[in-house]
Amino acid sequence: MRKNGVGGGAAAPHRPHFSGLFLCKHEVPEGNILMTNQEIAQIFYELADMLEVKGENRFRINAYRKAADQIASHPRSIADVAAEEKLQDIPGIGKGIAGSITEILETGQLDDHRKLRQEIPAGVTTLLSIPDVGPKTAKLIWESLGLKTIDEVEFAAQTGQLQKLKGLGPKTEQNILAGIERLRARQAEPTRVLLGDALPLAERLLAYLREHPAVQRADAAGSLRRRTSTVGDIDLLAASDDPRSVTDFFVELPEVGRVHIHGDTKATVISHTGLQVDLYVLSPEQYGSLLQHFTGSKQHNIEFREIALAQGLSFSEHGFKREDGSLITCETEEAVYGTLGLPWIPPEIREAQGEFATARDGRLPQLIEVSDVRGDLQMHSTWSDGRAELGEMARAARDKGYAYIAITDHSQGLGIVQGLTPERVREQRAEIDQLNVELAPFRVLAGIEVEIRVDGSLALPNDVLEALDIVLASVHSGMRQDRETMTHRVVTAMHHPHVDIIAHPTGRLINQRERLNLNFDAVLQAAQETGAILEINASAERLDLDGEHARAAIEAGVLLSLGTDAHSVGGLDAMPLGVAMARRGWAEAKHVINTRPLDDVLELLNRTD
DNA sequence: GCCGTTTTCGGCCCGACTGTTTTCAGTCG
């Protein structure tokens, strides 16, 4: 788990930067400044960092961080929420922070933040991004040596100045130097790792651990288990009666580049690929509490422990402690939640977004499972930019157990690939018809991923689209349009009579390209009006919609579809990632059209045979 | 600063590991 992951109170000075997705000029009340959720959140993160360096009340600091998390992950524009005077409906936002948000929206800044910034140079809070440098160390270095940048701290460490400070020694000085090196490596290779890349590495490491004779169980936890789109590190857990032998074994694995921490029950290593991997080991009878604790999220755990405290129980990874000091251990997570009278809560929704209240009321959703998915509704073949023949894709999908798929090659109008012309759509249809004879009862739907042109019109004529079984529409070019234009463009396409699904609706490519500048509320409204379906694109670099957007869609009564967007046979394996996003969005099978039998899907699309 | 099926005040999650220390502070998860 990365810095400030589960349970921590430490700073996380740098947050991934989001696009201006949630901002819409014409919705902001007169006189307000254009601010994205991320920009607003950033002010509170910085405020928290500065207060921490000052040594202020840690609960106040945590309140700002919690509010910033809520703001950053809110699926709607905070400016819109503010305009509706609903800010205090958001958990963690009370009168004070609501007032601060209003001030930020009106003036573009926060006076408390501005004043503190005069007191504490911006550079000092950036020192918090160095591993092993927290607020106390940053303050010490700044006040005693006057250092304000990472470069200055690096030089001071190289020249032995840091170890002269009270409380620091030569080891710490070396750790800070190594930390700066790690930070630089991260910045050169900036990104968080894709869920789809981290999962295989975690599985390899787990396979080693499970072979160790003293290991009874091993699982991934943390954000990987919650299936966030990207992860900052990998958290692994093991059950063993001899934990030390397991951490000893772990730090010697071939994947390990460097050992950072190596204790009796925990070890932290850096893999050769630069990813941090943490291992925690406890006895089998404590495995349930270990799993719960390290799955997080941090805020979920805090709420969980508050509920425990209200029942006179203190909870940690070791189990529940009664007030008399006696321990209740839990071998399973079901027992952990059950001890507080709660049903087991799926990891994907442990984000402190209302899951406890829902669980208490017995209203937890029956989340969609991979096995619910009967067909894959987006994939490509050599007819456009895919690497496998249409027949190979179909047979591979059939062999995965699907009842149907949609072949959705690109249309003309997409410059970089050989998109289908009306003529070639008809040729492809003949091949699909032939395949359907061969593969029956498995069914290949003749589909298309048609370009939404810059004005919202589609790149194929109506009669061509009408003859297809399913039409996906998406934006691949002209992506820099302003918010109003882009929103109008997508909404116009949704109103097209032959468009069934908007593919990868927000257009993000994780770590590569920001989301489209789109008013998502307006997209949801258009979906309500037209019945258009929004895709959850399962390819690892898209995962679009993500959980937050999927949940907003479901709450708006909008239907979803799942497609891998596979461009090869191997690409079909991405479906569990898409299902994970759906689960993070609290989706049940009924919310996703391709959990339904083919006839029901065709009826929904008004294309019954 | 937030929050309330004990509370509008007085709480706010809990423990391992490391380094610099002679008993603990800082950082992290």
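In what follows, chains carry the letters A, B, and so on, assigned in the order in which the sequence lines appear, proteins first and then strands, with residues in each chain numbered from 1.
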Separation of atom [atom1] in [X] from atom [atom2] in [N], rounded to whole Å:
{"X": "A:Ile93", "N": "B:dC2", "atom1": "CD1", "atom2": "P", "answer": "9 Å"}
{"X": "A:Gln299", "N": "B:dC3", "atom1": "CD", "atom2": "C1'", "answer": "12 Å"}
{"X": "A:Ile90", "N": "B:dC3", "atom1": "CD1", "atom2": "P", "answer": "11 Å"}
{"X": "A:Ile130", "N": "B:dC28", "atom1": "CD1", "atom2": "P", "answer": "10 Å"}
{"X": "A:Asn57", "N": "B:dG11", "atom1": "CG", "atom2": "P", "answer": "13 Å"}
{"X": "A:Arg58", "N": "B:dG11", "atom1": "CZ", "atom2": "P", "answer": "13 Å"}
{"X": "A:Ile302", "N": "B:dC2", "atom1": "CD1", "atom2": "P", "answer": "16 Å"}
{"X": "A:Ile270", "N": "B:dC28", "atom1": "CD1", "atom2": "C1'", "answer": "13 Å"}

- Note on the structure: With sugar-phosphate taken as primed atoms, P, OP1 and OP2 and all else as base, the protein-contact string of nucleotides 15-20 of chain B at under 4.0 Å (heavy atoms; B, S, -) is SSSSSS
- Given that A:Asp112 and A:Leu165 both sit by DNA chain B, which one's nearest nucleotide is further toward the 5' end?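 Checking each residue's closest nucleotide, the 5'-ward one belongs to A:Asp112.
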Euclidean distance for [atom1], [N] against [M] (whole angstrom):
{"N": "B:dC17", "M": "B:dT21", "atom1": "C1'", "answer": "15 Å"}
{"N": "B:dG15", "M": "B:dG10", "atom1": "P", "answer": "26 Å"}
{"N": "B:dT27", "M": "B:dT20", "atom1": "P", "answer": "13 Å"}
{"N": "B:dT6", "M": "B:dG1", "atom1": "P", "answer": "27 Å"}
{"N": "B:dC9", "M": "B:dC14", "atom1": "C1'", "answer": "24 Å"}

- Task: Tell me which nucleotide among B:dG1, B:dT6, B:dC28 gets nearest to the side chain of A:Ile97.
- Result: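 So the nucleotide nearest the side chain must be B:dG1.
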- Are A:Leu290 and A:Val281 close enough that some pair of their side-chain heavy atoms sits under 4.5 Å apart?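 In short, these two side chains do not touch, never coming nearer than 4.5 Å.
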Within the structure shown, what part of the strands sits under 4.0 Å from [X] by heavy-atom distance: base, sugar-phosphate, or nothing?
{"X": "A:Thr268", "value": "nothing"}
{"X": "A:Glu303", "value": "nothing"}
{"X": "A:Tyr64", "value": "sugar-phosphate"}

- Return the minimal non-hydrogen interatomic distance between A:Pro343 and A:Tyr337, and the atom names on each side.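 Shortest heavy-atom separation between A:Pro343 and A:Tyr337 comes out as O-CB, 3.6 Å.
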- Within residues 243-262 of chain A or reaching into it, pairs that qualify as ring pair (Phe, Tyr, Trp, His ring centres under 6.0 Å) - sequence neighbours excluded: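 Applying ring pair (Phe, Tyr, Trp, His ring centres under 6.0 Å) to every pair that reaches into residues 243-262 of chain A, excluding sequence neighbours, yields A:His212-A:Phe249.
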- Message: Is it the case that over 12 heavy atoms from other parts of the model lie below 6.0 angstrom from the CD atom of A:Glu84?
- Response: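 Yes, because the 6.0 Å sphere around CD of A:Glu84 holds more than 12 heavy atoms from other groups.
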[X] and [Y]: side-chain donor and acceptor closer than 3.5 Å?
{"X": "A:Arg508", "Y": "A:Ser229", "result": "yes"}
{"X": "A:Ser100", "Y": "A:Glu103", "result": "no"}
{"X": "A:Glu333", "Y": "A:Tyr287", "result": "no"}

- Query: So among A:Leu145, A:Leu140, A:Thr172, which one has a side chain to side chain contact (heavy atoms under 4.5 Å, CB included) with A:Leu162?
  - Reply: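 Testing A:Leu162 for a side chain to side chain contact (heavy atoms under 4.5 Å, CB included) against A:Leu145, A:Leu140, A:Thr172 leaves exactly one candidate, A:Leu145.
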- Message: For B:dT8, give the paired nucleotide (Watson-Crick: N1-N3 plus N6-O4 or O6-N4; G-U: N1-O2 and O6-N3; both under 3.5 Å), or none.
- Response: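 Across any shown strand, B:dT8 pairs with none.
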